[in-house]
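Reminder, nothing fancy here: chain letters follow the sequence lines and each chain counts from 1.
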Number of protein chains: 2
Amino acid sequence: MDALDILTHIDQVVPYYQPIFSADEQCIVGYEVLGRFQQGNEVISLGPFFHDETIPEEFRMEVDYAVTTKALEQFVNEQPASLIFINRDANVLMIDRGESFLQLLFQYKEKGLSLNQIVLEITEHHFKGDIQQLGHVLTYLRTYGIQIAVDNIGKESSNLDRIRLLAPDLLKIDLHSLRTSTVSYDDVLYSISLLARKIGATLLYEDIENAFQLQYAWRNGGRYYQGYYLHEPSPSFLPNDLLKDRLRDQFHTFIQHEKKKLQTLYDISEQFQARVSDLVAKHKKVSSFNELISALAKQLSDCSFRIYVCDEDGFQQSANMFKKGDTWELQPQYEMKNWSWRPYFLENIIRMRSRKRGILSDLYSDIETGEMIRTYSYPIDEHHYLFIDLTYEYLFEHNAHL
Amino acid sequence: MDALDILTHIDQVVPYYQPIFSADEQCIVGYEVLGRFQQGNEVISLGPFFHDETIPEEFRMEVDYAVTTKALEQFVNEQPASLIFINRDANVLMIDRGESFLQLLFQYKEKGLSLNQIVLEITEHHFKGDIQQLGHVLTYLRTYGIQIAVDNIGKESSNLDRIRLLAPDLLKIDLHSLRTSTVSYDDVLYSISLLARKIGATLLYEDIENAFQLQYAWRNGGRYYQGYYLHEPSPSFLPNDLLKDRLRDQFHTFIQHEKKKLQTLYDISEQFQARVSDLVAKHKKVSSFNELISALAKQLSDCSFRIYVCDEDGFQQSANMFKKGDTWELQPQYEMKNWSWRPYFLENIIRMRSRKRGILSDLYSDIETGEMIRTYSYPIDEHHYLFIDLTYEYLFEHNAHL
């Protein structure tokens, strides 16, 4: 496709719309505008044209202007959904600090567009300017009700500090990297989803190509979804509830699956509550915590590889009982170490002290062994707490390894 | 300082050691090796020399070799702590894929160095090569027991995917950015600390310059600390327990402070438990959930701005009662929206269903209002759950806004 062909036939430049579905309503919440070139029966993506830096910027801007105005025109006339997503390169946006973009929108405001329907989708991972300045411009645009989406989270660019600085309303996470990468991004997405929760950003997962990815996105805090698995870009808008029945069914399956998983964890926690309180009662007469954990180790060999006791401030009041192969050994060097700095530690102490019940932790990496584990912690009395680290093997066997 | 002066007086190049303190033992757990040049009574940092790209690489490597060998020599002889942190630029390391670094260490292995005492501190934010290749080399070095620390987390470089890919044993977080930045990094550090928990990495906070920063680091999952507030770099090793008493006292203060905060949250949760269960009992005879939330709104005007009911799958079974200014309004468009995709949602449902008690949430940004809020959720019966969003104002007044 020759760039000149496009420029001389700008009437053949058209917007395509890829629908974005929401988990809360199972409806189309908005459309992303994409540029296409219509040549006879063929429809060609303008993506390569827009990203071709050998083409002078003013030409690309002219074509982009054609796509955007046609899209806004159609959107204002048909009002097919709440939101319209318009892409802007951060470098281009910053040329006039967003002014021309804003002026364009104002024209359609008169025709009935509400600016809070606009989502400005900003690509910032090859942004060459000052990120703080970009942040100021985005803040300025936001005063008009325009929402900001930051693109390409999950690719090389995703940087928490930048996300925090730009304070976007939406984070767009590309699932493409999940397909090509060898490492697991679960942990990264978990962190991003909690950051989003803290800063009040909505997660939009794009490039969803199969049911597994949809479930993955749903499980990882995704509110909005986009991708060929749901719907390809099309030249016209679609009925809002196009996939409502299908999505409701799929989400129902996800929800049941998740609840079952959570119920399993709850049941395991209950079993440990019964088992450990029995054991602790049986060994009430031990003369020291080391004696207690030695006695417990024998009984908990099927599930645990490390047992110790801490006081309510996190100071370890016993050695570690640690299982190497089939034998338990006492590791006295751990005595009086403090663990209160660990995430959730004091929170769990307060909870155990108040509820007088044990707690099964989330899944996390043991710092020493590198294994994925959970810890069952249990209040011995108001001042002493038992920690029982459970092996991955045990968790796997009991479906508690996810 | 002229580069040639350094090169012609390489005998005046010496290692300095900055101690790293651990929260679990309140002792010095290791030392970071830093290059210095001794000129009479003056001691000059070699930092600028090492980062000066106009100086040929082989010269910088020669000086670095002098620093490192002297440091390893002294470390092996004195065995002052568990760990020694050695800096390597990722670009330099990759020239021979870590081989020369490994060979250097092998020399000291014969003299009594254990390779699991080595922490390779890698600077990767201006790394020009293939990050996957770097990952492979680090994995290879790790097979010898060498630990990997990734530097400069919290500066512009911190990228979760890269962190995940390099899978470091330690993340070094620079508190410097906290001082210069206008935005709060609490949320970012919270995300990083949870990622670290998931991947089993230890957090090391560097550049700690005052008590507040130490507390900040401690609160945000920091296990290791470094900075002038604790100790400046010095030419010799220090007694392990140099700051033990002081640190134990400081941590004690932090712990008491944190426990008090958590206890406050617990007390608030208990108060809501009593208050809401009373209110729900009083309005048992309402004919719909909308009637229930309308009645509750009047009683909860002091603390709440949004009230609604969901079923156990997260489908909203009522409208929203939403407070605008001083008046509550019913927003029917929220009915049947689904919220199960939100972090913690189903987890909390299972917990409430099992325990038959309400839950006070963490602090998070409300997606619609942007305010920092907490939600008190409460089980009406086995299938229906009440959600009461608490205003920031109320949380602030009751010390629950942190």
Does any backbone or side-chain atom of A/Met372 lie under 4.5 Å from a heavy atom of chain B? Answer side chain, backbone, both or neither.
side chain
Chain B contact via A/Gln316 - side chain, backbone, both or neither, heavy atoms under 4.5 Å:
neither
B/Glu312 portion near chain A, given a 4.5 angstrom heavy-atom threshold
both
May I ask you to test the A/Glu382-A/Arg353 pair for a side-chain heavy-atom distance under 4.5 Å?
yes
Given B/Pro343, B/Ser340, B/Gly221, the one with more heavy-atom pairs under 4.5 angstrom with chain A than any other is B/Ser340
Looking at every non-hydrogen atom in both residues, tell me the closest pair between A/Arg357 and A/Glu270 and how far apart they are.
NH2-OE2, 2.8 Å
Top contributor to chain B contacts, counting heavy-atom pairs under 4.5 Å, from A/Met336, A/His252, A/Gln256
A/Gln256
Say whether A/Tyr266 and B/Arg355, considering side chains only, have a donor N or O and an acceptor N or O under 3.5 Å apart.
yes
Heavy-atom distance under 4.5 Å to chain B: side chain of A/Ala217, backbone, both or neither?
neither
Please flag which part of A/Ile255 lies under 4.5 Å from any non-hydrogen atom of chain B: side chain, backbone, both or neither.
both
Leading residue by heavy atom contact count with chain A [cutoff under 4.5 Å; candidates B/Asp169, B/Ile350, B/Leu203]:
B/Ile350
So which of B/Ser269, B/Ser193, B/Gly222, B/Gly370 has the biggest tally of heavy-atom pairs under 4.5 Å with chain A?
B/Gly222
Which region of A/Phe251, side chain (C-beta onward) or backbone (N, CA, C, O), has a non-hydrogen atom less than 4.5 Å from a non-hydrogen atom of chain B, or is it both or neither?
neither
Hey, which of B/Leu262, B/Asn220, B/Asp366 has the most heavy atom pairs under 4.5 Å with chain A?
B/Leu262
Can you say whether A/Phe315 sits under 4.5 Å from chain B via the side chain, the backbone, both, or neither, judging by heavy atoms?
side chain
For the residue pair B/Asp267 and B/Gln271, confirm or rule out a side-chain donor-acceptor distance under 3.5 Å.
no
Under a 4.5 Å heavy-atom cutoff, which of B/Leu265, B/Thr369, B/Ile349, B/Asp362 has the most pairs with chain A?
B/Asp362
Honestly, the part of A/Gln26 sitting under 4.5 Å from a heavy atom of chain B is side chain
Is it true that A/Lys244 and A/Glu25 make a salt bridge, defined as a side-chain N closer than 4.0 Å to a carboxylate O?
no
With side chains defined as the heavy atoms from C-beta onward, is the minimum distance between A/Tyr190 and B/Ser191 less than 4.5 Å?
no
Between chain B and each of A/Leu195, A/Asp313, A/Leu194, count heavy-atom pairs under 4.5 Å; write down the option with the most.
A/Asp313
So that I can tick it off, tell me whether B/Asp187 and A/Arg197 are bridged by a salt bridge, with the cut-off set at under 4.0 angstrom between side-chain N and carboxylate O.
no
How about A/Ile367 and B/Arg223: do any of their side-chain heavy atoms sit closer than 4.5 Å?
yes
Go through the atoms of A/Trp341 and report whether side chain, backbone, both or neither lie under 4.5 Å from a heavy atom of chain B.
both
Which portion of B/Ala201 sits near chain A, non-hydrogen atoms under 4.5 angstrom:
backbone
Can we call the ring centroids of B/Phe254 and B/Trp218 under 6.0 Å apart?
yes
If you count heavy-atom pairs within less than 4.5 Å of chain A, which of B/Lys261, B/Arg351, B/Glu371, B/Arg248 leads?
B/Arg351
Going by atom types only, do A/Asp389 and A/Thr375 share a side-chain donor-acceptor pair under 3.5 Å?
yes
A/Phe387 ring center near A/Tyr308 ring center (under 6.0 Å):
yes
